[in-house]
Amino acid sequence: MTLIHPKRPLFSTWWMGLCTVLIWHGAMALPANAQTVTAIPSGAPDLPLAVLKALHQAQVPPSALSIVITPLPAADASGKPAEAQPPRLSHRPQTASNPASVMKLFTTYAGLSLLGPDHVWHNRVYADGPVLGGVLQGNLIVRGSGDPKLVMERLQDLLGQVVAAGVREVQGDIVLDRSVFDVRERSEPFDDEPLRPYNVAPDGLLLNFKAVVYKFTPDAASGQVQVRFEPPLAGMDAPTQLPASTAPCNDWRSQLKADFSQPLQVRFSGSYPKRCGEREWPVAYPEPEHYAPRVMQAMWLAAGGRLTGQVRYGLHPASARLLVDAPSLPLAEVIQDINKFSNNVMAQQLFLTLSSELGAPGRFEASRLRLLQWWRKALPGQEEPVLDNGSGLSRTERSTAASLTALLQAAHASPHAQAFVKSLSQAGIDGTTARLKERNPQSPVIGNAWLKTGSLRDVVSVAGYVQGQSGQRYTVVAIVNHPNGNQARPALDQLLEWAVRDQNKPGQTSASSQRQRQ
């Protein structure tokens, strides 16, 4: 299998495609704040002219935008940060807004602070009975830890370790214990796109993000399109070939005419445009409760194991003997997927871990309380965020631009600064900001900003760090809440360019900075 990164041998090629889909968060209904912009408004002289023009073009009023751009304090001779500097630009900094996926910054920095960058989740397998001649006379228990990234390759390795420990046949059941979290599947998806992977709910034993990835590969020799899916699911039936078409590669998914109404009998009654080349389509499994048992059964058999009983959910008995203890990837690596690719379910797994690692099952309410306790101690006097599930895939989560700025400044001065900044998308290069280079190949922001983006139907946001041409580095936070919010992305691009083209030298006065705004 092709690897994404030589230092990460357990990531399959579909991961990048899945992450790309995960960033499209769906719809959010905010109170209407529609205000027609008929001219560039004069009521926001503090905003750069290019930003005002872009807002006008998007028909978004300045009153829908919150911004804070603040210099990062330089270190003094002893290495300690100097005194905080006033903002270079501030517009409605204390307005509480929904920042969408920028909320993940609270979860990931709290995770680094409370758990540490080297924190790992322990996936454990137990035997409830003796093993004689490779046969387990009892149940095999797989106990989940809340691991945010127990993907197919790592599950395959875990089961390989079970076989290496001497178990080749289970004369009982395979029991899946996910009691580390106390959460339930949503009764309704976040929006009307239940099969989008961003709608996957967290799970104490989250396997492969509860997603099936379909891969379509045109075969010039046969004139057909080869269809594969992963991971394997017991009882799953899907076409292995499709007719190729000469249609343009526009909205190719709809051309497939997919039918997922029967989860074990997926059908594609359409065709696939050969102009698309090879493509992948990650789809959330329609019956999430049945996903882990079906994947576990298929992969146990693929590993050469045999099973007399069934795969079912249950609890780990205290008398069971530990066979395998397989640690997860370290937190410092996990948060790179959470922030760079805006992975919602991974963020929620980490958020629930803030309470589960204290000993009781992880619950959203307990994690909210713990994060807010940490906030009050780490950033006293700063307005508290309004938390829901810690991912930003929420209609209720809120923060001010001032609070996000305080978090970014604190994170940059902390011992975890390197891990935190490394988790952010480098503008125009990777993650959710990679397409900046397509929108504006000559943008000075490319390679000079480390950002977390957010997007819902009525929200567009960005927060992170920008390197100015003067040598000064800044924290940048910008949030738009408006029905036309997603049309305001060019305004945020202009704002980032303005921040990079600072022209100031470190240490200039805020009065000098004011003159740079026009």
Side-chain angles (χ1 to χ4, degrees), residues 7 68-85 87-88 99 101-120 329-343 346-347 350-351 353-354 371 374-382 385 390 399 401-427 429-433 445 447-454 461-468 470-478 496 499-500 502 506-507:
K7 294 185 179 179
V68 177
I69 298 179
T70 303
L72 280 165
D76 60 21
S78 66
K80 294 181 179 179
E83 249 182 64
Q85 299 184 49
R88 179 178 166 211
S101 276
V102 167
M103 285 297 296
K104 291 179 175 71
L105 297 179
F106 291 100
T107 299
T108 52
Y109 181 46
L112 286 172
S113 299
L114 294 170
L115 306 177
D118 298 324
H119 174 84
V120 293
L329 299 170
L331 177 61
E333 289 192 40
V334 166
I335 66 168
Q336 291 186 37
D337 287 322
I338 292 175
N339 285 337
K340 279 186 187 293
F341 300 104
S342 206
N343 190 304
M346 289 180 72
L350 173 56
F351 189 72
T353 300
L354 297 180
L371 194 150
W374 163 80
W375 177 266
R376 292 166 194 146
K377 184 176 179 180
L379 293 153
Q382 295 293 335
S399 176
S403 290
L404 278 161
T405 298
L407 180 146
L408 289 166
Q409 296 257 334
H412 201 271
S414 79
H416 309 305
Q418 183 177 3
F420 185 74
V421 175
K422 192 176 180 180
S423 77
L424 302 176
S425 168
Q426 189 170 8
I429 294 175
D430 62 14
T432 59
T433 66
V445 181
N448 289 312
W450 297 262
L451 306 167
K452 178 75 200 77
T453 60
S461 58
V462 66
Y465 306 98
V466 166
Q467 183 70 38
S470 70
Q472 174 68 56
R473 184 169 288 200
Y474 303 89
T475 56
V476 174
V477 178
L496 292 170
V500 170
D502 59 348

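FYI, the numbering just counts along the sequence from 1. Quick caveat: nothing in here was measured; it's all calculated off a predicted structure.
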### Message
So, using side-chain contact (heavy atoms from CB on, under 4.5 Å) as the criterion, who are the partners of Ala427 when residues are at least two apart?
### Response
Thr433, Leu436, Val445, Ala449, Leu451

### Task
Please answer whether the main-chain N or O of Ala411 pairs with a side-chain N or O of Ser414 as donor and acceptor at a distance below 3.5 Å.
yes

### Task
Step by step, work out the side-chain contact (heavy atoms from CB on, under 4.5 Å) result for Leu115 and Leu354.
CA-CA 8 Å; Leu115 306 177; Leu354 297 180; 4.2 Å; yes

### Task
Kindly say whether Ser423 contributes a backbone atom to a donor-acceptor pair with the side chain of Lys340 at under 3.5 angstrom?
no

### Query
Which is it for Val102 and Val477 under the side-chain contact (heavy atoms from CB on, under 4.5 Å) test, yes or no, and what are the steps along the way?
CA-CA 9 Å; Val102 167; Val477 178; 5.8 Å; no

### Task
Find the distance between OG1 (Thr405) and CG (Leu72) and round it off to the nearest 0.5 Å.
10.0 Å

### Closest approach of Ser101 to Thr453 (non-hydrogen atoms, all atoms of both residues)
CB-O, 3.5 Å

### Message
Would you compute the distance between atom CG of Asn448 and atom CD1 of Ile429 and round it to the nearest 0.5 angstrom?
### Response
8.5 Å

### Residues forming a side-chain contact (heavy atoms from CB on, under 4.5 Å) with Pro71, sequence neighbours excluded
Gln85, Gln472, Tyr474

### Message
When you compare the side chain of His412 with that of Phe420, does any pair of heavy atoms fall below 4.5 Å?
### Response
no

### Message
Please give me the minimum heavy-atom distance between Pro99 and Ser399, naming the atom from each residue.
### Response
CD-N, 4.1 Å

### Query
What are the two closest non-hydrogen atoms of Pro385 and Met103, and how far apart are they?
CB-CE, 4.4 Å

### Task
Mind telling me whether Trp374 and Tyr109 have parallel, tilted or perpendicular rings, with 30° and 60° as the class edges?
perpendicular

### Task
Please answer whether the main-chain N or O of Lys452 pairs with a side-chain N or O of Ser425 as donor and acceptor at a distance below 3.5 Å.
no

### Query
What's the spacing between Lys104 NZ and Ile335 CD1 if we round to 0.5 Å?
13.0 Å

### Message
So, using side chain to side chain donor-acceptor pair (under 3.5 Å) as the criterion, who are the partners of Thr70 when residues are at least two apart?
### Response
none

### Counterpart residues, side chain to side chain donor-acceptor pair (under 3.5 Å), relative to Gln409 (two or more places apart)
Thr475

### Query
Can any side-chain N or O of Trp375 pair as donor or acceptor with the backbone N or O of Phe106 at less than 3.5 Å?
no

### Message
For Thr107, give me all partners under side-chain contact (heavy atoms from CB on, under 4.5 Å), at least two apart in sequence or on another chain.
### Response
Leu350, Phe351

### Summary
Correct closest heavy-atom pair for Asp430 and Gln426 would be OD1-N, 2.7 Å

### For Trp450 against Leu424, the heavy-atom pair lying closest together
O-CD1, 3.4 Å

### Message
How close do Leu331 and Gly111 get, counting heavy atoms only, and between which atoms?
### Response
CD2-O, 3.4 Å

### Query
Side chains of Thr432 and Ser342: do they bring a donor and an acceptor to under 3.5 Å?
no

### Query
Can you list the residues that meet the side-chain contact (heavy atoms from CB on, under 4.5 Å) rule with Ala417, with sequence neighbours excluded?
none

